**Student:** 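Would you mind keeping the following structure in view while I ask a few things?
Because the structure is predicted, anything quoted here is derived from the model rather than measured. Just the heavy atoms: all of them, side chains too, but no hydrogens, waters or symmetry mates, feed the values below. Residue numbers start at 1 and run along the sequence shown.
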Amino acid sequence: MSVMDKVRTAPEQPAPAPAQKPRITDEHGRRVRVWELALRYLLLLGVLALTIGPFVWQLSTSLKGPTEDIFSSPPKFLPSDPTLHNYERVAETIPVWDYALNSLKVAVANVVTNCVGAALAGYALARLRYRGRRVATLVFILTMLVPVEGIIIAQFTTMRELGLNNTLVGVLLPGCISALNVLLMRNAFLNLPYEIEEAAYVDGANVWQRFLRIALPAVKGTLAVVAIFAFMGAWDDFLWPLIVLSDPSNFTLTIGLNYLHGTFANDERLVAAGTIIAVAPLIILFACLQRYFFRGVGEGAVKG
């Protein structure tokens, strides 16, 4: 058989299949249409503008000079001649760094007490067996239903009887352990397998060793969430420090900035600079702990 005959009798090769366009799928593998994807991004951009927009506007206002119009139309987010003079004026007007130091003392102490206290209480509610455990959990849940304004008079009376009025300890004590943080830690400990602790118990580990060496390292993410919530709650608190403090030397940053706003309400640049000074530590804290924060949200999720 000649070469041409072999070529004629050879089976025809199937034509190559046309290249498929890449499919856009969600986390479950389902196909997402283009208009649905565009709508999602539009919604995300809208939420981003609502959440980040006011902060960007305040930052831009704080950097604008006295001759620059801050109410121009359309608004200008980028200052033409950026300056830090407004921040210097804040420090000259009120002792803002002393107030910030007082807030930092209260916030750091609040983080330590909440992390330690919530971890111990959450472990006791989740892993220990004793009579009345469900009732204790219910009490923590019920305390979250009581508004702060409903017990603030009782708190003030208690601080006065203890002689802690007009002190930073009096500011710290009512919020040193939050019921929400206790429940977060409880749910995080509940997600741990019991077999690990049982193996440690068989090896002779006591309850403190099981807590410190096994349970606590496994919930670092939830501890980061508790730390962020505790710091934010203490740093942003306004009503309770306003009631319990009367000496200006003990004022926290929120009270001092309120004085700035009330006295210089017509100077938006000064107020914006003070606002940025108050918000900057929260942004720095979240930037440092965001990796643990998102992991801890899953660890301490509410179980059904």
**Student:** For residues Leu270 and Leu84: do they belong to one hydrophobic cluster (side chain heavy atoms under 4.5 Å, members Ile, Leu, Val, Met, Phe, Trp, Tyr)?
**Tutor:**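 Yes, Leu270 and Leu84 fall within the same hydrophobic cluster.
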
**Student:** Considering only residues two or more places apart or on different chains, which pairs with a residue in residues 148-158 satisfy side-chain hydrogen bond (donor to acceptor under 3.5 Å, both in side chains)?
**Tutor:**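 Residue pairs with at least one partner in residues 148-158: there are none.
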
**Student:** Measure the OG1-CZ distance between Thr137 and Phe140 for me, rounded to the nearest 0.5 Å.
**Tutor:**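 The CZ atom of Phe140 is 8.0 Å from OG1 of Thr137, to the nearest 0.5 Å.
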
**Student:** What distance separates Arg186 CZ from Asn191 CG, expressed to the nearest 0.5 Å?
**Tutor:** 10.0 Å

**Student:** Is it the case that more than 12 heavy atoms not belonging to Tyr194 sit under 6.0 Å from its OH atom?
**Tutor:**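 Above 12, so yes.
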
**Student:** Do Arg160 and Val244 touch side chain to side chain, with heavy atoms closer than 4.5 Å?
**Tutor:** no

**Student:** Taking ring pair (Phe, Tyr, Trp, His ring centres under 6.0 Å) as the test, write out the residues that go with Phe238, two or more places apart.
**Tutor:** none

**Student:** Apply side-chain contact (heavy atoms from CB on, under 4.5 Å) to the pair Leu63 and Asn86, showing each step before the final yes or no.
**Tutor:** CA-CA 7 Å; Leu63 296 175; Asn86 295 321; over 6 Å; no

**Student:** State, to 0.1 Å, how close Ser246 and Asn166 come at their nearest heavy-atom pair, and which atoms those are.
**Tutor:**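 Scanning both residues completely, I find the closest heavy atoms to be N-OD1, 3.0 Å.
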
**Student:** Sequence neighbours excluded, which residues qualify as side chain to side chain contact (heavy atoms under 4.5 Å, CB included) partners of Leu145?
**Tutor:**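 Leu145 satisfies side chain to side chain contact (heavy atoms under 4.5 Å, CB included) with Leu142 once adjacent residues are dropped.
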
**Student:** Considering non-hydrogen atoms only, spot the tightest contact between Ala121 and Val182 and give its length.
**Tutor:**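 Shortest heavy-atom separation between Ala121 and Val182 comes out as CB-CG1, 3.8 Å.
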
**Student:** Hey, which of Ile255, Thr252, Val108, Asp236 is the one that makes side-chain contact (heavy atoms from CB on, under 4.5 Å) with Ser103?
**Tutor:**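 For Ser103, the side-chain contact (heavy atoms from CB on, under 4.5 Å) test succeeds with only one of Ile255, Thr252, Val108, Asp236, which is Thr252.
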
**Student:** Does one hydrophobic cluster hold both Met185 and Trp208, with members joined at side-chain heavy-atom distances below 4.5 Å?
**Tutor:** yes

**Student:** Specify the closest pair of heavy atoms between Leu59 and Ser62, including all atoms of both residues, with the distance to one decimal.
**Tutor:** O-OG, 2.7 Å

**Student:** Among Val106, Val96, Asn102, exactly one meets side-chain contact (heavy atoms from CB on, under 4.5 Å) together with Leu253. Which residue is that?
**Tutor:** Val96

**Student:** Test side-chain contact (heavy atoms from CB on, under 4.5 Å) on Lys105 and Leu101; report intermediate values, then the result.
**Tutor:** CA-CA 6 Å; Lys105 292 177 182 178; Leu101 181 60; 3.9 Å; yes

**Student:** Backbone N or O of Trp57 within a donor-acceptor pair of the Thr61 side chain at under 3.5 Å?
**Tutor:**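 Confirmed, Thr61 side chain pairs with Trp57 backbone.
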
**Student:** Same cluster or not: Leu50 versus Val56, using hydrophobic residues (I, L, V, M, F, W, Y) connected whenever any side-chain heavy atoms lie under 4.5 Å apart?
**Tutor:**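 Different hydrophobic clusters.
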
**Student:** If you take all heavy atoms of Val90 and Ala273, which pair is closest and at what distance?
**Tutor:** CG2-CB, 3.8 Å

**Student:** May I ask you to list the residues sharing a hydrophobic cluster with Leu44, side-chain cutoff 4.5 Å, ordered by chain and number?
**Tutor:**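 For Leu44, no cluster forms, as it stays isolated from other hydrophobic side chains.
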
**Student:** Cut-off 3.5 Å, no hydrogens considered: what does the side-chain donor-acceptor table look like for residues 226-235, sequence neighbours left out?
**Tutor:**
| residue | atom | partner | partner atom | Å |
| --- | --- | --- | --- | --- |
| Trp235 | NE1 | Ala278 | O | 2.7 |

**Student:** Only counting residues at least two apart or in another chain, list the ones meeting side chain to side chain contact (heavy atoms under 4.5 Å, CB included) with Asp98.
**Tutor:** Pro95

**Student:** Under 4.5 Å side-chain heavy-atom separation, chaining through any Ile, Leu, Val, Met, Phe, Trp or Tyr, what else clusters with Ile151? Say none if it is isolated.
**Tutor:**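 Members other than Ile151 - counting any ILVMFWY side chain reachable under 4.5 Å - are Val146.
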
**Student:** Do you reckon Leu242 sits in the same ILVMFWY cluster as Met159, going by side-chain contacts under 4.5 Å, direct or chained?
**Tutor:** yes

**Student:** Evaluate the side-chain proximity of Ile277 to Leu257: yes if any heavy-atom separation is below 4.5 Å, no if none is.
**Tutor:** no

**Student:** What's the spacing between Tyr87 OH and Arg269 CZ if we round to 0.5 Å?
**Tutor:** 13.0 Å

**Student:** Give the minimum heavy-atom separation between Thr113 and Asn110, together with the two atoms involved.
**Tutor:** OG1-O, 3.1 Å

**Student:** Quick one: are Tyr123 and Val207 in side-chain contact, heavy atoms under 4.5 Å?
**Tutor:**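 The answer is yes, as the side chains (C-beta and beyond) meet within the 4.5 Å cut-off.
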
**Student:** Mind checking what makes ring pair (Phe, Tyr, Trp, His ring centres under 6.0 Å) contact with Trp97, not counting sequence neighbours?
**Tutor:**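 None.
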
**Student:** Which residues, ordered by chain and number, are linked to Ile196 in its hydrophobic cluster, where ILVMFWY side chains connect at heavy-atom gaps below 4.5 Å, directly or through other members?
**Tutor:** Ile214

**Student:** Listing request: all salt bridge (charged side-chain N to carboxylate O under 4.0 Å, His left out) pairs with a residue in residues 119-142, at least two apart in sequence or in separate chains.
**Tutor:**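 Applying salt bridge (charged side-chain N to carboxylate O under 4.0 Å, His left out) to every pair that reaches into residues 119-142, excluding sequence neighbours, yields Arg127-Glu197.
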
**Student:** Hydrophobic clusters here meaning ILVMFWY residues chained together by side-chain heavy-atom distances under 4.5 Å, can you tell me if Leu184 and Leu138 are in one?
**Tutor:** no

**Student:** Identify each donor-acceptor pair in which a side-chain atom of residues 167-181 lies under 3.5 Å from a protein atom, sequence neighbours left out, and give them as a table.
**Tutor:**
| residue | atom | partner | partner atom | Å |
| --- | --- | --- | --- | --- |
| Thr167 | OG1 | Leu164 | O | 2.5 |
| Thr167 | OG1 | Gly170 | N | 3.2 |
| Ser178 | OG | Leu180 | N | 3.3 |
| Asn181 | ND2 | Asn114 | OD1 | 2.9 |

**Student:** Report the relative orientation of the aromatic rings in Tyr99 and Phe251; use parallel for angles under 30°, tilted for 30 to 60°, perpendicular for over 60°.
**Tutor:** tilted

**Student:** Could you tell me which non-hydrogen atom of Gly204 sits nearest to which non-hydrogen atom of Gln209, and how far apart they are?
**Tutor:**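 Looking at all heavy atoms of both residues, the shortest contact is O-OE1, 4.0 Å.
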
**Student:** Could you work out the complete set of other residues in the hydrophobic cluster of Leu78, with links drawn between I, L, V, M, F, W and Y side chains under 4.5 Å apart?
**Tutor:** none

**Student:** Any chance you could measure Glu92, atom CD, to Arg89, atom CZ, to the nearest 0.5 Å?
**Tutor:**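 So the CD of Glu92 and the CZ of Arg89 are separated by 8.5 Å.
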
**Student:** Does any non-hydrogen side-chain atom of Thr222 lie less than 4.5 Å from one of Phe189?
**Tutor:** no

**Student:** Heavy atoms, side chains only, cut-off 4.5 Å: are Ile284 and Pro281 in contact?
**Tutor:**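 No; the side chains remain at least 4.5 Å from each other.
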
**Student:** Atom CG of residue position Leu42 - does it have more than 12 heavy atoms of other residues, nucleotides or ligands inside 6.0 Å?
**Tutor:** yes

**Student:** Quick one: do Phe55 and Thr275 satisfy side-chain contact (heavy atoms from CB on, under 4.5 Å)? Show the steps, please.
**Tutor:** CA-CA 9 Å; Phe55 173 77; Thr275 303; over 6 Å; no

**Student:** Check the pair Leu183, Met144 against side-chain contact (heavy atoms from CB on, under 4.5 Å), reporting the backbone distance first and the verdict last.
**Tutor:** CA-CA 10 Å; Leu183 294 177; Met144 297 175 58; 3.3 Å; yes

